[in-house]
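Heads up: the structure comes next, in structure tokens.
Each chain gets a letter, A, B and so on, in the order the sequences are listed, and its residues count up from 1.
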Protein chains: 2
Amino acid sequence: MPAALLPRSEIIARLSETFRRQGYDGASMAEIAKATGLGKSSLYHYFPGGKSEMAAAVLADLAESLDTAILAPLRGPGTPARRLGRMIDALDAFYDGGRKACLLERMAASVERATFARPLQTAFGRWIDAVAALLREAGMSPAAARARAEESVIRIEGALVLSGGTGSTELFERVLASLRRDLLPR
Amino acid sequence: MPAALLPRSEIIARLSETFRRQGYDGASMAEIAKATGLGKSSLYHYFPGGKSEMAAAVLADLAESLDTAILAPLRGPGTPARRLGRMIDALDAFYDGGRKACLLERMAASVERATFARPLQTAFGRWIDAVAALLREAGMSPAAARARAEESVIRIEGALVLSGGTGSTELFERVLASLRRDLLPR
DNA sequence: GTCTATAATAGGATAGAC
DNA sequence: GTCTATCCTATTATAGAC
């Protein structure tokens, strides 16, 4: 029995990256095999259900990845302003200054989007919840905090769409700068 | 020589609708044939380059469609506030209250996005320009008008992503309401 | 768990009649 | 301009050896 080439977590990470770049519909098994360094048979060993099971696994992991890569700083030490600053830094790095697309958006755009509805809702929900918690801690009412948190995620996603569509990272960077400055209540 | 089943403009409209729903990668020739009511051979008669030429035709038409469907009210009669209101109404109808995705976003997400870069840039640019012109007319400086116009398009696109991803139209409607209220300078 | 080989199908695209 | 029939490739998925 040959040893596993990659731990499952690394396979998931590479699948995520592939779906993010190519979209679900645009990612072929051949590209997935190349991206993971695994043969098709190995992929079907891990994911008997094929591509759609890979997507499910990626999405099951997504809320957690988002948490680790972006939202963790919000719960760290420091004032709300400093924690917000670290989340913005993390966003800038995660989306490579607006050059990388959002996996959530790509999956929501796929033809199998109905299948992905639940995990997508969860992921967006956790993101919004984490920001709203910070805003409440900074003194906002629950309702106002939630609305402003939703608005911040909307602006990030919209900026990623426009940055991707126009080929310019300027709009994404401007939105991040604006959030850094004005997201917290004064 | 059989008569054309549909005028070219109607074919383009149905192609647009298909790409908007399925995305470029997710739209198969079989689905396109069904959606247009044309056989494959007829489609290749109109678009010898196949699917990618169909997409090019859709995108060439896109800036104009956007203009007709959404931006026309901005140049109509009335005060800036009334014209803005009519554009918001048009947006609400065009995106069916947030239930319909944005074709620009879908095309920007396709694997052939590099091919579509130019027309996408043009379409986003015209949209932003039209809103910026209204804001200048309402008294804003060119730079401030442009920045605020970009922000408005970002918020609409972001709201469409989240409405699609969460299955709720609430966020889209809230963004439209906010724009209706606060887009113009006071 | 991974491999090579291959099945089975769906994909985009074309031929030629009308 | 449209049709039916077909081609060819790429696709998803499986079989079976190691």
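Between the OH atom of B:Tyr24 and the P atom of C:dG11 there is a distance of 14 Å, rounded to whole Å. Rounding to whole angstrom units, CG of residue B:Leu38 and C1' of C:dG12 are separated by 17 Å. Rounded to an integer number of Å, the gap from B:Lys34 NZ to C:dA10 C1' is 16 Å. Spacing between atom CD of A:Glu53 and atom P of D:dT12 amounts to 15 Å, rounded to whole angstrom units. Per the geometry, CG belonging to B:Leu43 stands 9 Å off P belonging to D:dT2, to the nearest Å. Spacing between atom CD of B:Glu31 and atom P of C:dG11 amounts to 7 Å, rounded to whole angstrom units. Taking atom CE of A:Met29 as the reference point, atom P of C:dT9 lies 18 Å away to the nearest angstrom. In this structure, B:Gln22 places its CD atom 11 Å from P of C:dG11, rounding to the nearest Å.
Inter-residue side-chain proximity for A:Tyr24 and A:Glu112 is flagged as met; some heavy-atom pair is nearer than 4.5 Å. Using a 4.5 Å heavy-atom threshold, the side chains of A:Leu162 and A:Phe172 count as separate.
Nucleic acid contact for B:Ala33: none, since no nucleic acid atom lies under 4.0 Å from a heavy atom of the residue. Here B:Ser42 lies in heavy-atom contact (under 4.0 Å) with a base.
For A:His45, whose side chain is taken as the heavy atoms from C-beta onward, the closest listed nucleotide among C:dA13, D:dA15, C:dG1 is C:dG1. For A:Lys40, the listed nucleotide lying nearest its side chain is D:dA13; candidates were C:dC3, D:dA13, D:dT2. In this structure, of C:dG1, C:dC3, D:dC3, it is C:dG1 that holds the atom nearest to the side chain of A:Tyr46. Distance from the side chain of A:Ala30 is smallest for D:dT11 among the nucleotides D:dC3, C:dG11, D:dT11. For B:Lys51, taking side-chain heavy atoms from C-beta onward, the closest of the listed nucleotides C:dA13, D:dT11, D:dT4 is C:dA13.
A:Ser41 contributes a side-chain N or O that forms a donor-acceptor pair with the base of D:dA15 under 3.5 Å.
Nearer the 5' end of DNA chain D, as judged by each residue's closest nucleotide, is the contact made by B:Leu6, out of A:Ser52 and B:Leu6.
Distance alone, capped at 3.5 Å, is enough to place a donor-acceptor pair between the B:Ser152 side chain and the B:Ala149 backbone.
Contact annotation: A:Tyr44 does not reach the phosphate of D:dA15 (side-chain N/O to OP1 or OP2, under 4.0 Å).
Atom CG of A:Asp61 sits about 12.0 Å away from atom CD1 of A:Ile11, to the nearest 0.5 Å.
The pair B:Arg155-B:Glu151 does not meet the salt-bridge criterion, since no charged nitrogen lies less than 4.0 angstrom from a carboxylate oxygen.
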